Amino acid sequence: MKVKRDEHLVETDNALVFLERLDADAALAERCERTDLEGRLRIASEIGLPVSEAEFRRAIRSWDYHGRWTRWQSAGRLAEAFDDLPELDGEYPVSDEAVASYRRDGHLLLRQVVGPQEVEAYRPVVRDLVARHNTQVDARDQRPEERGYLQVVNLHMRSAAARRLVRSPRLGRIAARLLGVEAVRIYIDQAFYKEPGGKMSHWHQDQLYYPLETERLVTMWLPLVDVSHEMGVVAYASGSHREGFLGFKPDRADAEEDHPRFVRRLGYPIWKPGQVMAGDATYHHGWVVHGAYANRSDRMREVVVVIYYPDGTRIVEPSNEFQKRAIRYMWGEAAKPGELAAGPTNPVVYSAG
C-alpha cells in the first residue's frame, strides 16, 4: 500500500533538519541558546533552512518523541516533584465479558479506571505541561483539523510527575488484559486538549500511522474532566477493526467532509457514549474506525491518550511517510525493519513475569 506524501510533512522538512542540526552541532546550539525563538528562525534561514514559526512548532509537536526539541520553542520545565502523587498501581478488574466485548466491537468503555482523588492529583500536572509545551500558534497557521487543539507528545519524557500517570502499572495491566499478552510497552502518549469551538477530529484508523508488525495494539482515551457529548466525546464504528485497512488516508484535505460519508457507506453501527466521566477510560483497537466530535461547549476538553503494544513487537517496513518519520524519530536513523520496537521512549509498563 502506498500513501501519497502529505504536503504538510513536506513543509516541515526544513524545521526537522534544523532541529537535528541543533542536536548534532554544539556550536550552532550555543548560538541558538543565546537568542529567542525569532532569533533561532533567523539563524535557520542564514544556514539555508528557512522555516516559519508555524512549521517549526508543528515539527516539534509531531515528531519530538524524546522531549528534546521543546526547549527550542519555549523556556522552562515542569518541576520534577511528585512525592505526593498517588502510585496508580492497584489492580482494576476486567471481566471475561469485557474482554470479549472489546474483541467483538473493537472498543470498550471502563468506568472509573482512575478514581476522583487520583484525577484531582494528576490533572494539574498534565494541565501545566500543556500550558508550557503545547506548540499551537495562531489558528490561521494551523491545519483545519488542528484548530482548537492543544497537544503535547510523550508527557512521560517531559516530567517525572506525568511519568507516574502514563507509566502506571494499573493502566498497563488493563491494556495487557485486553490484548491477551504478558507484557506491554508504550508506543506514545499524548495530551489532547480540545478548546471550546475545537473542530471534529475526523474519522480515521490509528494503525495506519504505526510501523509495528503487530495488530494487537490498543489506545486508551482517558478524560481528566467530565466530557459530555457536546464537549467532543469519541465515537467508534463497531466491528470495523475486523477488516483491517479500509482506505482511510492520513490527513487528507477532504477528510472532514468525506470520511463521515465513507463511514456511513461501510454500514457499521456507530457507538458513542452519552457522557464520559473524569477517570473513565475508553479503549480501542488500532484498526477500529473512530473520531471525536467538535467541542460545542464553553469548557476545555482535557484528555490523555496512551497507546500500548505487546513487548517483543518488531518494526516493519514502513508503508507511508508517517511510518517512515516515526521510525526515524522514535528509534533513530539506524533502526531497521525486523528489529525490536524497544527504544527509550517505549518502556515496559506492565509485565506479568
Side-chain angles (χ1 to χ4, degrees), residues 9 12 15-26 28-30 32-33 36-37 40 44 51 53-82 85 88 122-137 146 149-168 171-172 185-193 209-211 219-220 222 224 302-309 322 325-335 341-349:
L9 289 177
T12 63
L16 291 168
V17 172
F18 181 50
L19 289 163
E20 290 176 321
R21 288 279 299 277
L22 290 173
D23 275 346
D25 188 331
L28 182 65
E30 185 177 358
C32 288
E33 286 192 358
D36 56 11
L37 175 58
R40 290 163 194 157
V51 59
E53 180 181 346
E55 292 166 357
F56 193 62
R57 290 178 181 272
R58 183 178 294 124
I60 292 171
R61 186 197 69 244
S62 298
W63 305 110
D64 190 18
Y65 292 119
H66 296 258
R68 296 190 303 260
W69 296 338
T70 305
R71 72 184 186 275
W72 298 114
Q73 60 88 31
S74 65
R77 291 281 186 176
L78 184 69
E80 292 287 296
F82 60 92
L85 294 172
L88 300 185
Y122 282 101
R123 184 185 172 209
V125 171
V126 179
R127 188 172 61 235
D128 191 19
L129 279 175
V130 170
R132 287 174 179 267
H133 298 302
N134 90 78
T135 55
Q136 300 296 29
V137 292
E146 292 174 339
Y149 248 124
L150 304 179
Q151 181 182 8
V152 177
V153 175
N154 274 352
L155 303 170
H156 75 282
M157 299 297 292
R158 302 172 190 274
S159 157
R163 193 172 305 134
R164 185 173 285 196
L165 169 65
V166 173
R167 298 187 184 182
S168 155
L171 303 179
R185 292 180 179 270
I186 291 175
Y187 179 76
I188 199 171
D189 76 74
Q190 296 171 303
F192 272 137
Y193 278 36
Y209 298 86
Y210 308 141
T219 297
M220 179 191 71
L222 175 72
L224 303 179
E302 304 175 30
V303 172
V304 170
V305 171
V306 185
I307 302 166
Y308 303 90
Y309 63 94
F322 288 87
R325 295 285 182 116
I327 292 172
R328 179 179 179 184
Y329 293 109
M330 186 175 290
W331 298 300
E333 293 279 4
T345 67
N346 315 117
V348 173
V349 294

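Bear in mind that the values here come from a model prediction, so they are computed numbers and not experimental data.
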For the residue pair [X] and [Y], establish whether any side-chain heavy-atom pair is separated by less than 4.5 Å.
X	Y	value
Tyr210	Ile307	yes
Arg185	Tyr308	no
Val130	Glu302	no
Ile188	Thr345	no
Arg57	Leu37	yes
Leu22	Trp69	no

Reported [atom1]-to-[atom2] distance for the pair [X] and [Y], which is rounded to 0.5 angstrom:
X	Y	atom1	atom2	answer
Arg40	Glu53	CZ	CD	11.5 Å
Asn346	Tyr309	CG	OH	3.5 Å
Arg158	Arg163	CZ	CZ	12.0 Å
Arg68	Met157	CZ	CE	8.5 Å
Glu20	Glu333	CD	CD	6.0 Å
Thr12	Arg61	OG1	CZ	9.5 Å

Q: Go through the structure and list residues passing ring-ring contact (aromatic ring centres under 6.0 Å, His included) with Tyr65, not counting sequence neighbours.
A: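 Applying ring-ring contact (aromatic ring centres under 6.0 Å, His included) to Tyr65 gives none.
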
Please give me the minimum heavy-atom distance between [X] and [Y], naming the atom from each residue.
X	Y	value
Val51	Phe56	CG2-N, 3.8 Å
Phe18	Cys32	CZ-SG, 3.9 Å
Leu88	Ser168	O-OG, 2.7 Å
Leu129	Leu155	CD1-CD2, 3.8 Å
Ile186	Asp189	CG2-N, 4.3 Å
Pro347	His156	CD-NE2, 3.9 Å

**Q.** Parallel, tilted or perpendicular: ring planes of Tyr329 versus Trp63, cut at 30 and 60 degrees
**A.**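 Geometry flag for Trp63 against Tyr329: tilted rings.
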
Q. Which word best sums up how the rings of Phe322 and Tyr209 line up, parallel for under 30°, tilted for 30 to 60°, or perpendicular for over 60°?
A.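 Because their plane-to-plane angle is over 60°, the rings of Phe322 and Tyr209 count as perpendicular.
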
Q. Stepwise, does the side-chain contact (heavy atoms from CB on, under 4.5 Å) test hold for Thr70 with Ile60?
A. CA-CA 6 Å; Thr70 305; Ile60 292 171; 4.0 Å; yes

(Q) Treating Arg21 as the side-chain partner and Leu28 as the backbone partner, does any N or O pair qualify as donor plus acceptor under 3.5 Å? (A)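 Not a single qualifying donor-acceptor pair exists.
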
Q.
Between Leu16 and Arg325, does the side-chain contact (heavy atoms from CB on, under 4.5 Å) criterion hold? Intermediate values first, please.
A. CA-CA 10 Å; Leu16 291 168; Arg325 295 285 182 116; 2.4 Å; yes

Q. Taking it one step at a time, do Val349 and Leu171 satisfy side-chain contact (heavy atoms from CB on, under 4.5 Å)?
A. CA-CA 8 Å; Val349 294; Leu171 303 179; over 6 Å; no

(Q) What verdict does the side-chain contact (heavy atoms from CB on, under 4.5 Å) test give for Gln151 and Phe192, after you've listed the backbone C-alpha separation in whole Å, the side-chain angles of each residue and the deciding distance to 0.1 Å? (A) CA-CA 5 Å; Gln151 181 182 8; Phe192 272 137; 3.4 Å; yes

